[in-house]
Amino acid sequence: MRYNSILEAIGHTPLIRLHRAARGCLGEVWAKCDYLNPGGSVKDRIGTAMVDEAERKGWLKPGGTLVEGTSGNTGMGLALVAAVRGYKAIFTMADKQSREKVDALKALGAEVIVCPTAVAPEDPRSYHSVVEKLGREIPNAYHPDQYHNPANPEIHYQTTGPEIWEDCEGHLTHFVAGMGTGGTITGVGRYLKERNPDIKIIGADPAGSILYDFFHRGEVIKGEPYKVEGIGEDFFPTTLDFSVIDDVRRVTDKDSFLWARRLARMEGIFAGGSAGTAMAAAAQVLPELTAQDLMVVFIPDTGLRYLSKVYNSEWMRDNRYLESSLPWTAQGILHARADLGQPGELVKAAPADPVATALELMQSHDFSQLPVFDAGQPVGAIFEDDILNLALDGKDLKKVVVREVMGAAFPVVAPSATMDQITAHITRECPAVFVDLGGGQYQILTKYDLLHAISHLVEMRG
Ligand code: PMP
């Protein structure tokens, strides 16, 4: 492919199927990878679109200055246009944005003014107020104002929406995206709804942002600071149109960041925290999908901008998003197993069941053994090998009952049992333990669960 400038390489980003991150989901889940735009984010699309419009309408003259308040990505999109077309660029950013974003803008020749995060938008020190002042005071300045510029949702209506629709060949049923200016979800949502009004448009909002309450209760409840960058607001942007949105899900910083790390480690999709927010919101909906459903999750920006945060385990631990010690207790492993979407229901046989029934159960679950319970208590275990021996001896498996062939019950441990205590029980002959959850409830932990939980925990925390 050959382009006349970097700006022509914007858009037509790939849709990539998710496998491990969507494990257990009946429908298909795909990621719209806008982090693969040349400037590393979705905002390349609006940077060019807003400048094109300003040039067309005479708001921006040759040699002019672009000024914008940005969480970094819009700045990058504008900095690309400024570089190619010879404009000056000055950006204001809130001080919670990562160092990498400030450095990247400077690398492209822009000037960056860092402003405090913990002030109201109307405070003269906020990045919104500072940029407005710059727009008024600098001669031949143009302030695109992505939060109130209709060219922002419009470019998503013109490009992002059609790309997704065409790549899904009409099978799309759900679209999930984070909301900052709301340009992405509004433009894409409007286009998709026009094609098929049944497509569900789902917004992802960080806990602390006002958008979730505004959507569900119609009122603004004061926001709280949160760490995820680029999405959620403490005011309502006019580029956000709730009428095309069916649902808004709330996601904590911790879930956003853990999901971003999972996307990287499970799928090789190396994206920012807001992709994690969208993925965490998607994960809330995944269990509802049927085999006919196809969901697209929007991936706004690259993980390279967050090496000192989301992808820095020390920062994650300092902020309590990662546990500093691994929860290697029986309970911790059961939770890790549940996190992986594995069913918690205990599959068991009764002493009076025919061996053939127990064998069918084992085969349908792909287990090599089954615990045997009588009156709610573990009384034994039955193994595939023993059943095989019976069959080889010519026994009729429908006539022999489990009681006649079962071995001793697996040892019982408390939920607080440590990894060492659990593994002390596990041998070749005894491949599992029971965890006594109290109230007559038991769970089984097999050798396989232990290995799987360890590799999962290491993967998530490394
Ligand atoms: N994620 C990141 C990292 C962003 O910078 C932005 C834009 N602020 C978004 C998501 C949200 O996109 P939009 O403004 O189109 O709602």
Is the backbone of [Y] close enough, under 3.5 Å, to the side chain of [X] for a donor and an acceptor to pair up by distance?
| X | Y | result |
| --- | --- | --- |
| Asn149 | Pro144 | yes |
| Asp293 | Thr290 | yes |
| Asn37 | Asp44 | no |
| Thr48 | Leu7 | no |
| His216 | Val248 | yes |
| Lys88 | Gly63 | no |
| Ser126 | Pro121 | yes |
| Thr239 | Tyr147 | yes |
| Asn319 | Tyr321 | no |
| Ser364 | Leu361 | yes |

[X] side, atom [atom1]; [Y] side, atom [atom2] - distance, nearest 0.5 Å:
| X | Y | atom1 | atom2 | value |
| --- | --- | --- | --- | --- |
| Met316 | Asp318 | CE | CG | 11.0 Å |
| Asp301 | Tyr35 | CG | OH | 11.0 Å |
| Thr173 | Ile199 | OG1 | CD1 | 8.0 Å |
| Leu334 | Leu437 | CG | CG | 6.5 Å |
| Leu60 | Asn140 | CG | CG | 6.5 Å |
| Leu80 | Ile6 | CG | CD1 | 6.5 Å |

Next item on the list: Would you sort out whether Val251 and Trp259 count as a side chain to side chain contact (heavy atoms under 4.5 Å, CB included), showing the intermediate values?
Entry: CA-CA 11 Å; Val251 176; Trp259 267 108; over 6 Å; no

Does the distance from a Lys or Arg side-chain N to an Asp or Glu carboxylate O, for [X] and [Y], drop under 4.0 Å?
| X | Y | value |
| --- | --- | --- |
| Lys32 | Glu163 | yes |
| Glu229 | Arg305 | no |
| Arg262 | Asp255 | no |
| Asp246 | Lys193 | yes |

Provide the closest heavy-atom pair for [X] versus [Y] in the form atom of the first, atom of the second, distance.
| X | Y | value |
| --- | --- | --- |
| Glu267 | Arg17 | OE1-O, 4.1 Å |
| Ala204 | Ile231 | O-CD1, 4.4 Å |
| Met50 | Ala151 | CG-CB, 4.2 Å |
| Lys309 | Gln97 | NZ-C, 3.8 Å |

Would you say the ring centroid of Phe242 lies under 6.0 angstrom from that of Phe236?
-> yes

Counting C-beta onward and ignoring hydrogens, is there a side-chain heavy-atom pair between [X] and [Y] closer than 4.5 Å?
| X | Y | value |
| --- | --- | --- |
| Leu322 | Leu258 | yes |
| Phe214 | Leu240 | no |
| Ile164 | Tyr191 | no |
| Lys101 | Met93 | yes |
| Leu192 | Leu172 | yes |
| Ile46 | His156 | yes |
| Thr184 | Pro300 | no |
| Asp213 | Arg250 | yes |

Q | Polar side chain donor-acceptor pair, Ser256 to Asp253, under 3.5 angstrom | A | no

Problem - Any side-chain donor near an acceptor of the partner, Glu100 and Ser308, under 3.5 Å - result: yes

Using the side chain to side chain contact (heavy atoms under 4.5 Å, CB included) rule, take Gln443 and Asp449 through it: C-alpha gap first, then chi angles, then the decisive distance, then the call. CA-CA 12 Å; Gln443 264 296 357; Asp449 288 323; over 6 Å; no

Verdict with reasoning, Gln331 to Val435, per side chain to side chain contact (heavy atoms under 4.5 Å, CB included): CA-CA 8 Å; Gln331 186 75 69; Val435 186; over 6 Å; no

Going through the checks in order, is the side chain to side chain donor-acceptor pair (under 3.5 Å) test met by Thr181 and Gln146? CA-CA 7 Å; Thr181 65; Gln146 57 170 334; 4.7 Å; no

Using a 6.0 Å distance limit plus a 45 degree cone around the ring axis, check whether Lys61 lies over the aromatic ring of Tyr142.
no

Q.
For a side chain to side chain contact (heavy atoms under 4.5 Å, CB included) check, start with the C-alpha distance between His143 and Val67, then their side-chain angles and the critical distance, and finish with the verdict.
A. CA-CA 5 Å; His143 176 198; Val67 298; 3.7 Å; yes

